[in-house]
Protein chains: 2
Amino acid sequence: MQKNKSEKYNKILNSAGAVFAEYGFYKATISQIAAQAGVADGTLYLYFKNKDDILYQFISFKTIAVFKEMNAAVEKGGNAEEKLRHLIRCHLREFQNDKNMAIIFQSEVRYLRDIESQIKDISKMYLDLLSDIIEQGQIEGSMRQDLFVGLVKRYILGAVEGVISTWVSADGRYDLVSMADPLVDLYLTGVRG
Amino acid sequence: MQKNKSEKYNKILNSAGAVFAEYGFYKATISQIAAQAGVADGTLYLYFKNKDDILYQFISFKTIAVFKEMNAAVEKGGNAEEKLRHLIRCHLREFQNDKNMAIIFQSEVRYLRDIESQIKDISKMYLDLLSDIIEQGQIEGSMRQDLFVGLVKRYILGAVEGVISTWVSADGRYDLVSMADPLVDLYLTGVRG
DNA sequence: AATTTAAATGAATTATAATTCATTATCTAA
DNA sequence: TTAGATAATGAATTATAATTCATTTAAATT
C-alpha cells in the first residue's frame, strides 16, 4: 500500500464511490470497482487495506471536504438567519454536486464501526454549528427564547436530509439548491396561516 | 415452506428483526437468526424462501401494521392541526414500541428492489396523508395558502425521521413520544422570535 | 543497455455463509 | 400402538467474492 495519494488512488476512490452508490457497499464487488477504475483486482490492495478501508477512506475524505465548506459558508453570514441560509444552501449544493456521496452518506452509514463514529462526529459538528446559530439567534432576538435547542437542531438537520433523500429518489432530476430558501422559511415561520 | 403463519414463523420473524437490527442485514447470518429463534438453520427454509425473503416479510408485515395505525390515528382528529398531532404521536409511539423495526426501517431500506418499492409505497402513503392534512389546513385557514405542499410534506416526514434516528442513536434512552407536541409546534410556528 | 527496483496483474487460494437434503424426531389417526 | 405423514435437524454442499502472491511489465538508475 502506498503512502502518497497518487492519481491511481483517486481514480479507485472515485470508481468505488460510483459503484457503492449504484449497488450499495455489500453488493458492490472488488472486481466491479477495479473494472470501473481500469485496473486489476489485485491493484486495489496496493492502495487500500481491504474493501472496508475503501469505504472508510471515501467517507473520511468527503467528510473533511464537506465540513470545511460548511464552516466557511457559516462564516459568511452575519446574523443567525444569514448563517442558517448559508449553511443550508451549502449543504444542498455540496450534495447536489456529488450525488454518489449523497447516496453513500444516506445509506452506508451503519456498516463499519469506524465509519459510524466518523459519521457521528460530522453529525455532531453539524449539530454544533446549528446550536451556535440558534443561540446567536436567541441573543439577537430573532429566534424564540423558549426553543428546545436539542430538538430544533435535529429537526433542522432531519428536514434537510429528508429533502436530499427525496431528491436522490427522484434521481437528482430537479435543482436541489433552490429548495434552500423555502426550506429555511419553513424553519423560521412554520406553516401556520 | 408452510402456508399458514404459525407460531414458529412469527418466532423466526421476530428473531430476525432483532438480529437484523443489531448487525444489519448483511452481517446478520442465518445461523444467528436460527439460534436466536431456537431452531436449526434448515428450519428457516421451511418458512422462508431465503434470507432476502425474511427481510421482505418482516418489512411487509410491519409496514401494513404501522400504516393501519397511522390511518386510524389521523381519523381521530377533527381539524388539520389535530390530525397532524395524532399522526406524529402515532408515528413516534409505534417506532418507540418497536425499536428493531425503527432501526431496520432506517437502515435496510435500499437493499432489495422489492423492499425499496414497498418502502416507496409506504412513504408515498404517508406523504399522501400529509398532503391531505395540509390541504385541509389551507381550506380551514389554519395553514398558509402559499405553502409549497410538495416541500412541506417532505420536510415534516424528514424531521420526524431525524428525531427518531437521534433516538435510536441514543439507544432509545428517552421518551420519544413526548417529542411529538414540541415537534408539531415547530412545524406550525417555526423558530422565529 | 543492462540491472535493479517498483508497480501491476489476474489466476489460484481462502474464507464465509447461504442453501440443501438425507436422516431423525414428532405428530396424527386408524 | 403403530404406520404413515409431517416437521425439524445440522452436517455436507455450493456459491460467491475477498484476498493473496508468483509472475510479468514498466520505470528508474548506473
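These numbers were taken from a predicted model, which means no experiment stands behind them.
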Among [options], which nucleotide has an atom closest to any side-chain atom of [X]?
X	options	value
B:Lys51	C:dA18, D:dA8, C:dT9	C:dA18
B:Asn50	D:dA7, C:dT19, C:dA7	C:dT19
A:Ile30	D:dA18, D:dA8, C:dT20	D:dA18

Look at all strands and tell whether B:Ala34 reaches a base, only sugar-phosphate, or nothing, counting heavy atoms closer than 4.0 Å.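 No contact.
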For B:Ala35, which contact category applies under a 4.0 Å heavy-atom criterion: base, sugar-phosphate, or nothing?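 Nothing: the residue B:Ala35, judged by heavy atoms under 4.0 Å, touches no strand.
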Taking [atom1] from [X] and [atom2] from [N], how many angstroms apart are they, rounded to a whole number?
X	N	atom1	atom2	result
B:Tyr26	C:dA18	OH	P	11 Å
B:Lys11	D:dA8	NZ	C1'	15 Å
B:Glu7	D:dA7	CD	P	15 Å
B:Tyr47	C:dT19	OH	C1'	18 Å
B:Leu55	C:dA18	CG	C1'	15 Å
A:Tyr45	C:dA11	OH	P	16 Å
B:Asp53	C:dA18	CG	P	14 Å
B:Tyr9	D:dA7	OH	P	16 Å

Electrostatic pair A:Glu81:A:Arg85 at N-O distance under 4.0 angstrom: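 Yes, charged N to carboxylate O under 4.0 Å.
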Does a salt bridge link A:Lys83 with A:Asp132, judged by any charged N lying under 4.0 Å from a carboxylate O?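 Salt bridge between A:Lys83 and A:Asp132, a charged N being under 4.0 Å from a carboxylate O: no.
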Take B:Gln36 and B:Gln32 through the test side-chain hydrogen bond (donor to acceptor under 3.5 Å, both in side chains) and record every step on the way to the result. CA-CA 6 Å; B:Gln36 177 89 355; B:Gln32 285 177 306; over 6 Å; no
Select from B:Thr43 and A:Gly42 the residue whose nearest nucleotide in DNA chain D is closer to the 5' end of that strand.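 Result of the comparison: B:Thr43.
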Would you please confirm or rule out a distance under 4.0 Å between OP1 or OP2 of C:dA17 and any side-chain N or O of B:Thr29?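 Negative; the distance criterion is not met.
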Within the pair A:Lys8 and C:dA8, is there a side-chain N or O less than 4.0 Å away from OP1 or OP2?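 Answer is yes, contact under 4.0 Å.
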Assess the pair A:Tyr155 and B:Tyr155: is the distance between their ring centroids shorter than 6.0 Å?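 A:Tyr155 vs B:Tyr155: aromatic centres under 6.0 Å.
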Between B:Phe48 and B:Tyr56, ring centroids under 6.0 Å: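 No, the ring centres sit 6.0 Å or more apart.
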